[in-house]
Amino acid sequence: MSVIKGIKGVKDLLPEETPRWRFIEESARRWATRYGFHEIRIPIFEVTTLFARSIGASTDIVEKEMYTFPDRDGTSLTLRPEGTAGTVRAYIEHNRAAIPVPQKYFYTGPMFRHERPQAGRLRQFHQFGVESYGIADPRADVEVIALLWRMLHELGLPSLTLEINNLGQAADRDIYRPILVSYLKRHVPSLCGNCQHRIEANPLRVLDCKVPECRSITEQAPRLSESLAETARSYFAQVLAGLDLIHIPYSLNHRLVRGLDYYNLTTFEVTATNLGAQNAVGAGGRYDGLVETLGGTSTPAVGFAVGLERIAMLLPDSLSSPIPTDKTVYVAGFGNKGSVAGLSALEDLRTFGIPAVCDFRSTTLKAHLRQADRLGCQFTLLLGDDEVTKGVAVLRNMESKSQHDVLLASLPSQIESLLLSS
RNA sequence: GUGGGUGUAGCUCAGUUGGUUAGAGCGCCGGAUUGUGGAUCCGGAGGUCGCGGGUUCGAAACCCGUCAUCCACCCCA
């Protein structure tokens, strides 16, 4: 019989690691709530065309990374590769634009992309993201970036950098693209093979190439910022001024070109060292055209997403190790009468509200005490045949080794007062 | 999709130019203590050497294939 194993790139989160995940998620929720965002829960799968239209049909995600399958009636469905598309769909479908207060959502959950796994990259991974709809004001960008920064910063992640760039409007990029292409074509032989191909496919990506030769060529290249219209420039200037005002440190990165098609104007990314090759912890930007692209009325929007696995990788170990078992009582019932009395003592404590555990495999007191020790219990309730005959049990403090008799008849209340006094 | 590294006990890893019965540390179980945990000492269990084929008198080791995993490219959170 062969053992069934998990899917490549799909990880289990075992009980040892869930505390640090809860810590991350709770922290993210708390910060998003402080900034006026409300949780939205959207489906894990959607109609395939939603992602094709929003993310961009020619992106890698849509071309080769989606988990797509036919529904029983033949409709093509896809496991969500990111959260923005579904959130926008829900925003349109429920006519949220009609609500007269800002629509600011956050979401968290698993995403799916069929990629080759490596450090910080999985096929099922988890994101936390926020989306802010309807506000074409630089302060909305600032708000979202501030939330991202404060959230990551409070987690104590080391060496974070916020990078920011202005992509302008699509029309600005249409002006810039041929300028860049003609420059790049004059340097084709010095570019890496990838970039030679990118000149045709996605010239802006050349700016983002890691190869040193390519970087030195693009260092001299005409800048996108020089092709931007005045409206785009002044919008970005206001975003930066806002960040300065509230003391969010950033660095301008003219190479920051986001991968998804729907971004315009502000784009940003928070990177960290010690993350392997995938150094982006979170990223986002403005996507004013997306709601309209998906069939809604023209709606400005800005948001970000962070990778929870990547945050977990960066989080200091100190947050994961201590398993606080506080005042859990280990009930050591042994012997014929003792084990029976132990079972009812367990239940009495639990229904009273006192956490209580037992390892039913242990038959001797010695084995029980060893398990109590391993489980980190501060107290053990000793309950053998002798005690049952006397109508008592013995509460042992595992640290001080002091023991007190307690009456079986009023077990929970007596134990509670002993726990409180210790 | 492409490239590289690694697969030996529950875990971390040794294992000589191919040689007889594959080891260590930690962990686990038991005993010293037949009703008192951790520490110590003593003892014990536990291995299809990832899988399949090949070379050889002989393979954990060499060759081919395959799978898993990690890392990198690509791309992205």
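Order of the sequence lines sets the chain letters (A, B, ...), proteins ahead of strands, with each chain counted from 1. All values reported here derive from a predicted model rather than from experimental measurement.
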- Query: Does the pair A/Glu309/A/Lys11 count as a salt bridge with the N-to-O cut at 4.0 Å?
  - Reply: no

- For the side chain of A/Arg121 and the base of B/C75, is some donor closer than 3.5 Å to an acceptor across the two? yes

- Applying the 3.5 Å cut-off to both distances, the Watson-Crick or G-U partner of B/G44 turns out to be B/C28

- Query: Think A/Lys8 has a side-chain N or O under 4.0 angstrom from the OP1 or OP2 of B/U69?
  - Reply: yes

- Query: Under 4.0 Å between a Lys/Arg side-chain N and an Asp/Glu carboxylate O for A/Glu416 and A/Lys327?
  - Reply: no

- note: A/Phe112, atom CZ; B/C75, atom P; distance rounded to Å ~ 24 Å

- Task: Mind calculating the distance between CG (A/Asp373) and P (B/G27) to the nearest angstrom?
- Result: 13 Å

- With heavy atoms under 4.0 Å as the rule, sort A/Asn194 into base, sugar-phosphate or nothing. sugar-phosphate

- Hey, is A/Phe125 doing a stacking thing with B/A77, by the 5.5 Å centroid and 30° angle criteria? yes

- Query: Between A/Lys401 and B/U36, does any side-chain N or O lie under 4.0 Å from OP1 or OP2?
  - Reply: no

- Query: Looking at A/Arg123, does any N or O in its side chain come under 4.0 Å of the phosphate oxygens OP1/OP2 on B/C75?
  - Reply: no

- Query: Are any of the side-chain heavy atoms of A/Leu265 and A/Gln169 separated by less than 4.5 Å?
  - Reply: yes

- Message: In whole Å, measure the gap between the P atoms of B/C64 and B/G25 for me.
- Response: 36 Å

- Provide, to the nearest angstrom, the distance between the NZ atom belonging to A/Lys64 and the C1' atom belonging to B/C74. 6 Å

- Message: Does B/G37 have its OP1 or OP2 closer than 4.0 Å to a side-chain nitrogen or oxygen of A/Lys366?
- Response: yes

- Query: For A/Phe304, which contact category applies under a 4.0 Å heavy-atom criterion: base, sugar-phosphate, or nothing?
  - Reply: nothing

- Please confirm whether any donor atom in the side chain of A/Arg396 sits under 3.5 Å from an acceptor in the base of B/G37, or the reverse. yes

- Contact under 4.0 Å: A/Arg370 side-chain N or O vs B/G30 OP1/OP2: yes

- Any strand, both distances under 3.5 Å, Watson-Crick or G-U wobble: B/C13 pairs with B/G23

- Note on the structure: Partner of B/G35 under the Watson-Crick or G-U wobble criteria, both distances under 3.5 Å, comes out as none

- Item | Closest-nucleotide 5' rank along RNA chain B - winner of A/Val281 and A/Glu399 | A/Glu399

- Expressed in whole Å, how much space separates the P atoms belonging to B/G50 and B/A59? 15 Å

- Message: With rounding to the closest Å, how many angstrom separate the P atoms on B/A14 and B/A9?
- Response: 12 Å

- In whole angstroms, the gap separating P of B/G35 from CG of A/Leu395 amounts to 21 Å

- Task: Indicate, with yes or no, if the rings of A/Tyr133 and A/Tyr105 have centres closer together than 6.0 Å.
- Result: yes

- When the C1' atoms of B/G46 and B/U56 are considered, how many whole Å apart are they? 32 Å

- Query: Looking at A/Tyr287 versus A/Tyr262, is the centre-to-centre ring distance below 6.0 Å?
  - Reply: yes

- Item | Base B/G1 to side chain A/Glu63, donor-acceptor N/O within 3.5 Å cut-off | no

- Query: For B/A72, does OP1 or OP2 lie under 4.0 Å from any side-chain N or O of A/Gln118?
  - Reply: yes

- Message: Rounding to an integer number of angstrom, what distance separates B/A22 and B/G43 when you compare their C1' atoms?
- Response: 22 Å

- Give the rounded distance in Å between these two atoms: CH2 of A/Trp149 and P of B/A77. 18 Å

- Taking the inter-plane angle between the rings of A/Phe304 and A/Phe128 on a 0 to 90° scale, is it parallel (under 30°), tilted (30 to 60°) or perpendicular (over 60°)? tilted

- Task: Tell which nucleotide pairs with B/A77, taking only Watson-Crick or G-U wobble pairs whose two distances are both under 3.5 angstrom.
- Result: none

- Identified pairing partner of B/U2, criterion: Watson-Crick or G-U wobble below 3.5 Å: B/A72

- Task: Answer yes or no: is there a donor N or O on one side and an acceptor on the other, between the side chain of A/Thr78 and the main chain of A/Met66, under 3.5 Å?
- Result: no

- Message: Judged by each residue's nearest nucleotide on RNA chain B, which is more toward the 5′ side, A/Arg116 or A/Gly9?
- Response: A/Arg116

- Message: Rounded to whole Å, please give me the gap between NZ in A/Lys11 and C1' in B/C70.
- Response: 9 Å

- Determine the contact category for A/Leu308: base if any of its heavy atoms lies under 4.0 Å from a base atom, sugar-phosphate if only primed atoms, P, OP1 or OP2 are that close, otherwise nothing. nothing

- Query: When the P atoms of B/G4 and B/C42 are considered, how many whole Å apart are they?
  - Reply: 49 Å

